[in-house]
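Notes follow once the structure below has been shown.
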2 protein chains.
Amino acid sequence: MPPLNEQQLDQNREERREQIKRAALKVFAKRGIIGTKISMIAREAGISQGLTYRYYHSKDELFIDLVKDAMEETAEAFASLENMSGSPVEKIKDLTKKMLDTSNKHSFMLIQQVQTSDEVPNKAKEIVRQYPIPSFIEQLIPVFKKGQAMGEFCTGDPAKLLMLYFSVLSGLMLLPNKDEEGHQVLDVDILMKLIRE
Amino acid sequence: MPPLNEQQLDQNREERREQIKRAALKVFAKRGIIGTKISMIAREAGISQGLTYRYYHSKDELFIDLVKDAMEETAEAFASLENMSGSPVEKIKDLTKKMLDTSNKHSFMLIQQVQTSDEVPNKAKEIVRQYPIPSFIEQLIPVFKKGQAMGEFCTGDPAKLLMLYFSVLSGLMLLPNKDEEGHQVLDVDILMKLIRE
DNA sequence: GTCTATATGCAGATAGAC
DNA sequence: GTCTATCTGCATATAGAC
């Protein structure tokens, strides 16, 4: 009897892991690493509590894995602005919308959590430090300066203004916006008044 | 031998409670109710872990007591705007500054926590619900409308704009502003661009 | 009144059955 | 591979000593 296709088995395993990760991201983002019990993740994923440990050795390991993914996605999102078309204002607006999109939002919330809480594993903190946040914002500075030259953005130190803008954005993500039916509560245009004109 | 002054004893007890409350507010605000261990509060207050229970029967009870205080202070802060002098812009600016002041900040963070987390005791949620947040904001609507008439504030639905403004403020309080030397990181004037002109 | 020592309960992690 | 049952450790809360 020939052995079963090992690739197939590996892929099944990978899919399981993804299933757990999706469930975990959702719960971690909402309740924090301490507030999240493994049983909650298991329930969200529709598996038993014990099975989680066949895929991740510990809650921390799972959390760290998610943080790694989140940072990579964030780095991509910021980098993608380079080769985007549109005016500076439109670029920032698009990035804002992308960040607030529910699929990405949880990742940003996770990163936010790593930065603000000291209950997260040290390794998670290290990963986030590897990509210093200011470096993300630095990528936007040329775009912002161009916008200032065009009269789209207000005058002032670009780094400072961008930092404030993204702080506000981060802060708002932590709050529950009661969009029970998927309609965006937050008006991006109003938000952009912080840096406009 | 005459009995010791009972009032004196009561006052000592009250002072101890205040000492515990001060310590607890600081830790709860930063780490949340779950992330806060009784031992942390005790250490912050400079007393033993067990002694805390002579003054509060449980962690929840202590938390609830703090929420009660916080709501009362907040109600006062919003109500005080009525009989304040100054233009509408100045009133809102003052309120903002008051909220960001470290002594009040922790109270607002606590309330924020009650609203956003579902790990807090139900009784805390009830207390916060007793003073519906929209009612705080409603008190500001006349002020805001006056500001609009004077051309200080932008046009648009006052309730919505104020809600956004205070959401931003709340969100920012949750973030760690690295003001290690007491100098205000946050520029209130920039923040007010959200509702100005 | 305050501290140290102990009991209880819950959640992370493991072991063993199927 | 997955589930249920169990071990272990930590934090809340209590009891007892000073």
Side-chain angles (χ1 to χ4, degrees), chain A residues 1 3-24 27-28 30-66 117-124, chain B residues 1 3-24 27-28 30-66 117-124:
Chain A
M1 187 159 111
L4 280 177
N5 188 338
E6 286 197 10
Q7 267 196 330
Q8 177 63 30
L9 289 176
D10 268 16
Q11 194 186 326
N12 285 348
R13 184 170 173 80
E14 200 45 46
E15 272 167 22
R16 206 30 137 194
R17 275 176 78 99
E18 287 302 322
Q19 179 191 5
I20 293 171
K21 275 161 81 165
R22 272 194 302 276
V27 188
F28 275 138
K30 182 169 188 292
R31 319 192 43 124
I33 188 167
I34 302 285
T36 298
K37 311 302 167 203
I38 291 287
S39 59
M40 295 175 187
I41 295 172
R43 201 174 322 125
E44 177 74 31
I47 60 175
S48 76
Q49 193 253 47
L51 187 56
T52 315
Y53 287 95
R54 296 277 161 193
Y55 293 85
Y56 285 96
H57 291 40
S58 71
K59 188 164 84 163
D60 281 8
E61 190 189 299
L62 172 52
F63 185 84
I64 289 163
D65 205 25
L66 290 171
S117 164
D118 45 35
E119 291 152 353
V120 302
N122 273 323
K123 193 146 183 188
Chain B
M1 186 158 114
L4 279 177
N5 187 338
E6 287 198 10
Q7 267 197 331
Q8 176 64 30
L9 289 176
D10 269 15
Q11 195 187 328
N12 286 348
R13 185 172 172 79
E14 201 44 48
E15 273 167 23
R16 205 32 134 195
R17 275 175 78 99
E18 287 302 322
Q19 178 191 6
I20 293 171
K21 276 162 81 166
R22 273 193 303 275
V27 187
F28 276 138
K30 184 169 187 290
R31 319 192 44 124
I33 188 167
I34 302 284
T36 298
K37 310 301 165 202
I38 291 286
S39 58
M40 296 174 187
I41 295 173
R43 201 176 320 125
E44 178 72 31
I47 60 175
S48 77
Q49 193 254 46
L51 186 56
T52 314
Y53 287 95
R54 295 281 161 190
Y55 293 86
Y56 285 96
H57 293 38
S58 70
K59 188 163 85 165
D60 280 7
E61 190 189 301
L62 173 51
F63 185 84
I64 289 163
D65 205 24
L66 289 171
S117 164
D118 45 35
E119 293 152 353
V120 302
N122 274 322
K123 192 144 182 191

Self-check item: Arg16(B): partners by side chain to side chain donor-acceptor pair (under 3.5 Å), with sequence neighbours left out
Solution: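 So Arg16(B) forms a side chain to side chain donor-acceptor pair (under 3.5 Å) with Gln19(B).
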Self-check item: Partner set under side chain to side chain donor-acceptor pair (under 3.5 Å) for Asp60(B), not counting sequence neighbours
Solution: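 Expected list: none.
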Quiz item: Are Ile20(B) and Leu51(B) close enough that some pair of their side-chain heavy atoms sits under 4.5 Å apart?
Solution: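 No, too far: nothing below the 4.5 Å cut-off.
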Quiz item: Is the closest side-chain heavy-atom distance between Lys21(A) and Leu62(A) below 4.5 Å?
Solution: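 Yes - at least one pair of side-chain heavy atoms lies under 4.5 Å apart.
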Exercise. Can you sort out the partners of Lys37(A) under side chain to side chain contact (heavy atoms under 4.5 Å, CB included), two or more places apart, ordered by chain and number?
Key: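 Only Ser39(A), Met40(A) meet the side chain to side chain contact (heavy atoms under 4.5 Å, CB included) criterion with Lys37(A).
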Quiz prompt | Of Ser48(B) and Ile33(A), the one whose closest DNA chain C nucleotide lies more 5' | solution =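 In this pair, the answer is Ser48(B).
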Self-check item: Closest-nucleotide 5' rank along DNA chain C - winner of His57(A) and Arg54(B)
Solution: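 Result of the comparison: Arg54(B).
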Quiz item: Going 5' to 3' on DNA chain D, which nucleotide is the first and which the last to come under 4.0 Å of a heavy atom in chain A?
Solution: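 Going 5' to 3' along DNA chain D, contacts run dT2(D) to dT4(D).
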Quiz item: NA contact type, Thr36(B), heavy-atom cut-off 4.0 Å: base, sugar-phosphate, or nothing?
Solution: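 Sugar-phosphate only.
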Self-check item: Sugar-phosphate, base or nothing in reach of Tyr56(A), heavy atoms under 4.0 Å
Solution: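 Since no nucleic acid heavy atom lies under 4.0 Å of Tyr56(A), the category is nothing.
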Quiz item: If you pin Ile34(B) and Arg13(A) to their nearest nucleotides in DNA chain D, which one's is more 5'?
Solution: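 Checking each residue's closest nucleotide, the 5'-ward one belongs to Arg13(A).
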Roughly how many Å is it from [atom1] in [X] to [atom2] in [N], rounded to a whole number?
X        : N       : atom1 : atom2 : result
Leu51(A) : dA15(C) : CG    : P     : 16 Å
Gln49(A) : dC10(C) : CD    : C1'   : 12 Å
Ile20(A) : dG12(C) : CD1   : P     : 15 Å

Quiz item: Which pair of heavy atoms, one from Ile33(A) and one from Glu119(A), lies closest together, and at what distance?
Solution: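 Nearest heavy atoms, Ile33(A) then Glu119(A): CG2-O, 3.9 Å.
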Self-check item: Exercise: identify the closest heavy-atom pair between Lys123(B) and Ile64(B)
Solution: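 Minimum heavy-atom contact is CB-CD1, 3.6 Å.
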Quiz prompt | Pairs touching residues 46-65 of chain B that satisfy ring-ring contact (aromatic ring centres under 6.0 Å, His included), sequence neighbours left out | solution =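 Only Phe28(B)-Phe63(B) qualify under ring-ring contact (aromatic ring centres under 6.0 Å, His included).
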Exercise. Give a yes/no on whether any side-chain N or O of Tyr53(A) is located under 4.0 angstrom from OP1 or OP2 of dT14(C).
Key: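 Result: no.
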I'd like a table of atom pairs between the protein and nucleotides 7-9 of chain C - only N or O on both sides, under 3.5 Å - with the distance next to each one.
none

